[in-house]
Amino acid sequence: MGTLGLRAPAVRLGFSTPLMSMYLGSNGKHLIDFDYGGSLPDGTTARTMTRSDLYSMLREEAGRRGIPVAYGKQLTTVEERPDGVRAVFQDRTTAEGDLVVGADGLHSRVRPLIDPASPAPRNIPLLNTGGIVKAGVLSPGLLDVETGRMKMVFGKRCFYCYMQDPDGRVWWFANPLQRSSEDPATLDSGARKAWLLRLVAGDRTPMAAIINATEDIIRPYTTSDFPSIPRWHRDRLVLVGDAAHAASPSSGQGASMAIEDGVALGRSVRDLRPGSLPEALERYEHERRARAELIVEWGRRNTAPKIRGQFKRVVEDLVLPAVFRGMARRSPDNFDWVYRHHIEWDAANSPIH
């Protein structure tokens, strides 16, 4: 955000959450504490915020910088010419420019225009849901985690996390298993709450009370990741973010990677000379691909322990304490490659060999 000149407004969003702890829900056993991402030299730490708040900040800044945004458009095709491109939308409107950037997510319309043979996203057998409890609703002293710490729980039937913000609200998410015999997305709000309460019943945490106190629970949705595709660009078309490399939500890096892509692409094309666009796009992909694909696989590994049937859960509850003790003995900076990556905007672009 500092590269974009948005560090100050970004820090005003959400609240600081520099700490993370892991527990077993079956017996309440503490597994490990993490310094979640450390802190930057200026003291900035990891922050929890809603995606809508992040979007609103970026949208407002785009308007302030004179960048127009149009809604309700669905791309159908792109007409390429030697001096530019023309995007054609379903409502028959068009837009012209030098480059089409496919920042259009997991089910990108630009990706098949670059490579019709690109593989499909890879399903993750977990659902995502969650909510926020208003301040003062839960009984005093019920919550067993201080402000600034995320409490992650490997529950008997579901992985979940909860935390408290400085205003006293409780934020939470859950990752129930996706089962072919049920579709919780079709449940009404009351049935959705009852379904989640069954999943956390018997765990030694306040999660049942947190769910009961939540007025609006997010409709459960499926997740996927996107490990690798043959091509990120062709001619005047290029992909960024989830369109090129969607990571599991367990990575916690989806928005970060998309922003990194945007900065790297901007740096690659900022000093274009006539005829140098192909080299600039190749430079961008060369810079980003290896890191992006490592993050996707890292997120996949983070997801694996959450996918627990009853037998696997009993076995893992026995071995997870030893696994996390081993992690605790490692260097405290072993996640620096994830959280401390920096793109030097002012560095000179080098040729691709």
Side-chain angles (χ1 to χ4, degrees), residues 1-15 40 42 44 46-80 83-111 113-114 226 232-233 236-247 249 252-272 277 280-281 283-285 287-288 291-292 295 341-347 349:
M1 286 299 178
T3 300
L4 300 175
L6 296 174
R7 184 185 301 278
V11 169
R12 289 195 291 269
L13 299 179
F15 58 101
L40 299 178
D42 66 356
T44 302
R47 301 190 69 79
T48 296
M49 64 189 70
T50 64
R51 190 172 292 266
S52 58
D53 282 347
L54 176 62
Y55 166 79
S56 296
M57 181 196 72
L58 294 172
R59 173 66 182 87
E60 181 180 335
E61 182 64 16
R64 192 184 70 79
R65 298 187 186 187
I67 301 171
V69 177
Y71 295 95
K73 300 293 182 181
Q74 185 172 339
L75 183 71
T76 56
T77 190
V78 174
E79 300 170 359
E80 300 180 64
D83 61 342
V85 286
R86 184 169 182 259
V88 181
F89 301 99
Q90 193 174 51
D91 61 3
R92 298 184 181 180
T93 60
T94 62
E96 297 183 1
D98 298 309
L99 181 68
V100 169
V101 179
D104 51 348
L106 191 68
H107 303 290
S108 169
R109 302 295 293 264
V110 178
R111 189 193 306 125
L113 297 178
I114 293 174
F226 204 69
W232 286 22
H233 67 91
R236 292 178 177 269
L237 283 70
V238 64
L239 301 174
V240 299
D242 283 2
H245 50 73
Q253 292 295 301
S256 298
M257 294 297 286
I259 292 170
E260 286 180 20
D261 280 357
V263 173
L265 178 60
R267 196 170 77 85
S268 292
V269 302
R270 69 181 176 193
D271 301 321
L272 281 183
L277 181 61
L281 298 184
R283 181 188 303 113
Y284 154 71
E285 180 176 340
E287 177 183 340
R288 294 295 301 159
R291 171 172 170 77
I295 291 288
H341 181 71
H342 178 68
I343 300 171
E344 189 59 57
W345 176 261
D346 295 325
N349 282 318

Is E61 paired with R65 through a side-chain N to carboxylate O contact shorter than 4.0 Å?
-> yes
Check whether [X] reaches the backbone of [Y] with its side chain - one donor and one acceptor, N or O, closer than 3.5 Å.
X: R109; Y: D104; value: no
X: R267; Y: W345; value: no
X: T77; Y: V88; value: no

Could you report the tightest heavy-atom contact between [X] and [Y], atom names first, then the distance?
X: A243; Y: G102; value: CB-O, 3.4 Å
X: A264; Y: E287; value: CB-OE2, 3.8 Å
X: S268; Y: R283; value: O-NH1, 3.2 Å
X: A246; Y: L106; value: CB-CD1, 3.3 Å
X: F226; Y: A244; value: CD2-O, 3.7 Å

Step through the shown structure and confirm whether more than 12 heavy atoms of other residues, nucleotides or ligands are within 6.0 Å of CZ on R270.
-> yes
Which of these passes side-chain contact (heavy atoms from CB on, under 4.5 Å) with Y284: V269, L239, L265?
-> L265
Residues forming a side chain to side chain contact (heavy atoms under 4.5 Å, CB included) with [X], sequence neighbours excluded:
X: A87; answer: L75, F89
X: E260; answer: M257, R288, R291, H341, I343
X: D346; answer: E344
X: L58; answer: M1, L6, L54

Hey, does R236 have a side-chain heavy atom less than 4.5 Å from the side chain of L277?
-> yes
Could you tell me whether the side chain of L113 reaches within less than 4.5 Å of the side chain of V100, counting heavy atoms only?
-> no
Any pair with a residue in residues 93-103 that passes salt bridge (Lys or Arg N to Asp or Glu O under 4.0 Å), sequence neighbours left out, goes on the list, sorted by first then second residue, please.
-> R81-E96, R86-E96
Applying salt bridge (Lys or Arg N to Asp or Glu O under 4.0 Å), name anything that partners E80, two or more places apart in sequence or on another chain.
-> R234
